[in-house]
Amino acid sequence: MELFFDLGQANQPLVIGHHNWLLVLLSYAIALLGAYTSLLTLTRASSYKQPRFRHIWLIVSAVIAGLAVWSMHFIGMLAFEIPLEISHHVGLTFASVVPAVIANWFALKTQVSQHAPYTASIWTTLIAGLVLGFGIGAMHYVGMAAMRFDGILLYNVTWFSISIAVALALGVIAMLTYRVMNRWSRDTETKRLLSRVISAAIIALAISGMHYTAMFAARFYGVSEVNGQFQHAHWLAYFIGICAAIAILVAVFGTFVDKRLYAQAKSQKEARSIIHNLATRDSLTGLANRQMLIEHLEGIANATHALAIFDLNKFKALNNTFGASNGDLVLQQVADRLQNYLYNRVDKKCFVARLAGNEFAVVLPCSASSDQDRTKAETFALIKSIQALLEQPYKLGHFTHLLTVSVGVTRFDKTSLPDSILGEASLALAHAKLNHHRSGVEVFQASMAEQAKQQTKLENELRNALSKNELQLFLQPQVNHEDRIVGAEALLRWYHPEQGWISPAAFIPIAEDSGLIIEIGDWIIQQACEILKNWGHRAHTASLTLAINVSGRQFQQPDFVEKLCNALKHHGIKAQNLKLEITESLMLHDIEIVAEKMHELTRVGVQFAIDDFGTGYSSLLYLAELPFETLKIDVQFVRDMLHQNSTASIVQAIIQLAQSLNLSVIAEGVEEPEQRQFLSKLGCHTYQGYLFGRPVAVNDFNSLVNSVKTP
């Protein structure tokens, strides 16, 4: 202590020096430029989320700031002109930069945060300022200890204390200023520039203030040179200047290059994010799509979840009736309802996606209760509440629309594969759509997978049924009020070599879904034409009509009219003896194209019957404008009309409607004499049903015709 503080122990004369103010200003400028560069590089640390890059730039900033303190100190020493020959100890000179770098590293580290609110607390900033001030002071006094001259250096106790206080106070002020300016600078580029300049100026003031305050504490005792010249070693000035310039230039250049590279990497990342968003988001609703749903299912790490697929029933009818724009509006409203209900009211852990068309998927976390029955009941109740929400009216301009929703549900855990999960939910949905007269919600059962497997097998066998001559046409007679056979309806039958006769209800839907119905429909047309050709050779069958069912998918084929006309021409039959039965669902497609095809075939002579009338989306406009010849009353109405007055009224209205439009009427499913009598009283005089004959093979039908009256 006696060699550090000036307690009057020196026996050499006191040497007085003075400052060169140009060098003083230069020292402050060096400190300012270094501090600014340090803050500039610090922004690079703040811009990275990866710890490695953040730490690298933090170290660069600390080194630049430490060099600024170091450079300022020794330039300040050069500015102190004293008539002594002064040199510097190289080791201590370089060692003096260490406390400055470490203090700046700690202080700057506290101001780099990757988490909200992205600003250090006030207490953290105060501690950082104290550490910064202590580091600046330590650097100064270690640097002073590196001085070598003929004499001793002692410090005034009062001014030494003041210098330490100034260093600590200005360090705190500098860090508080940076904290305030950093928060203020987030709005514009101009504010960011000003915040760096102001913060750097305060930090430079702290460095300079401490240095020159400490110089007041220094007392030089030695022998003055005769000529009284200031004689510092010149190598230090050159070295310090070069080091400071190189460090600052490298930092600025590195910051510029890194900023460009970072911007490029960021733009590429944003581009990849946009591409990923386009690939995983539904453009209409903004929900996740199927791909993103699969990624979500793959990422589920624990607990049991439920996947529910919601299907909007008869959505195609909405599109065709009210237009695709209204259909899109319904889909958007469905998405809004799902998000608002699940994210805001139920559980933010829920995941919502639009699979395709009118199908929406919801992933629901199941409760962790050990009571499995209770958990299943809670999940089912939630799904039912979502179904009820989606079945509420939809506002479409000046009108509202109601729809029903079918739901397929499956439970799974982290061991389940996404494809299996989706497959199970889809199977459950298929059962829900078939059984929508119940709750409309089906939960996956293992038996469904087995049934699907059997249907797949049945589809493969159906593909070969034509080539193996397993399909047959059976004919069911149609009779008039005199019990004369006036025609027949051709009904498709399949005799499986192992399973025997397979119900049309089992294989027709498979044919529709797989597209086989088109090939089968073409075969039916050829068979029907062959039957009519044979009938034409016999007087008692030449006038009979043959009705065949045409699926909507087959009728929509661009070459349907051409194929049918070619078949009629090839077999040389009368087109008016062929009647095509189509259902009302076909009218839900492009009605103009349907009308054009019907009129084209009507001009050739083909007749049309509307099948299952009253069970679909009936429209008087269709009946009035399309060239129908016959209207068929659905079997369900015939079966219930004797027991339900409302059904009887419907049947009466259908018959009166047909008569007003000059359409003939055929009642299907007539099985009892009372039904035939009731229909006759209402004005229906053509019948089809078990009362007059079951569907039989063609040869058996021909034998039946020979045994009964014909027109």
Side-chain angles (χ1 to χ4, degrees), residues 27-43 45-46 58-59 61-73 76 96-113 115 117-144 155-186 191-192 194-217:
S27 69
Y28 178 80
I30 290 294
L32 176 62
L33 184 59
Y36 179 84
T37 305
S38 174
L39 296 180
L40 183 64
T41 57
L42 186 63
T43 60
S46 301
L58 185 61
I59 292 173
S61 300
V63 170
I64 297 298
L67 286 176
V69 176
W70 189 67
S71 301
M72 180 272 146
H73 168 79
S96 64
V97 77
V98 175
V101 171
I102 294 176
N104 275 281
W105 174 83
F106 178 84
L108 296 177
K109 183 178 182 296
T110 63
Q111 304 304 306
V112 178
S113 175
H115 306 288
Y118 308 105
T119 302
S121 67
I122 189 68
W123 288 108
T124 301
T125 303
L126 289 174
I127 294 173
L130 293 174
V131 172
L132 177 63
F134 179 81
I136 294 173
M139 183 271 140
H140 174 82
Y141 285 106
V142 173
M144 294 290 286
Y155 295 95
N156 179 275
V157 176
T158 302
W159 279 106
F160 173 83
S161 302
I162 293 173
S163 70
I164 296 300
V166 168
L168 296 177
L170 290 179
V172 169
I173 293 173
M175 296 312 299
L176 288 175
T177 302
Y178 175 77
R179 179 180 182 273
V180 173
M181 299 307 295
N182 186 41
R183 299 181 65 180
W184 174 74
S185 68
R186 296 172 185 173
K191 287 185 177 182
R192 281 192 288 274
L194 288 175
S195 70
R196 292 195 197 108
V197 171
I198 295 173
S199 299
I202 300 298
I203 293 174
L205 181 62
I207 298 170
S208 303
M210 187 277 157
H211 173 85
Y212 290 107
T213 303
M215 289 304 295
F216 281 105

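None of the values given here were measured: they were computed from a predicted structure.
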(message) When you compare the side chain of Trp159 with that of Met215, does any pair of heavy atoms fall below 4.5 Å?
(response) no
(request) List for me each residue that meets side-chain contact (heavy atoms from CB on, under 4.5 Å) alongside Phe134, sequence neighbours excluded, and say none if there are none. (result) Leu168
(request) Keeping to residues at least two apart or across chains, list the side chain to side chain donor-acceptor pair (under 3.5 Å) pairs with something in residues 167-176. (result) none
(request) Nearest 0.5 Å please: distance from the CZ atom of Phe160 over to the OH atom of Tyr141. (result) 5.0 Å
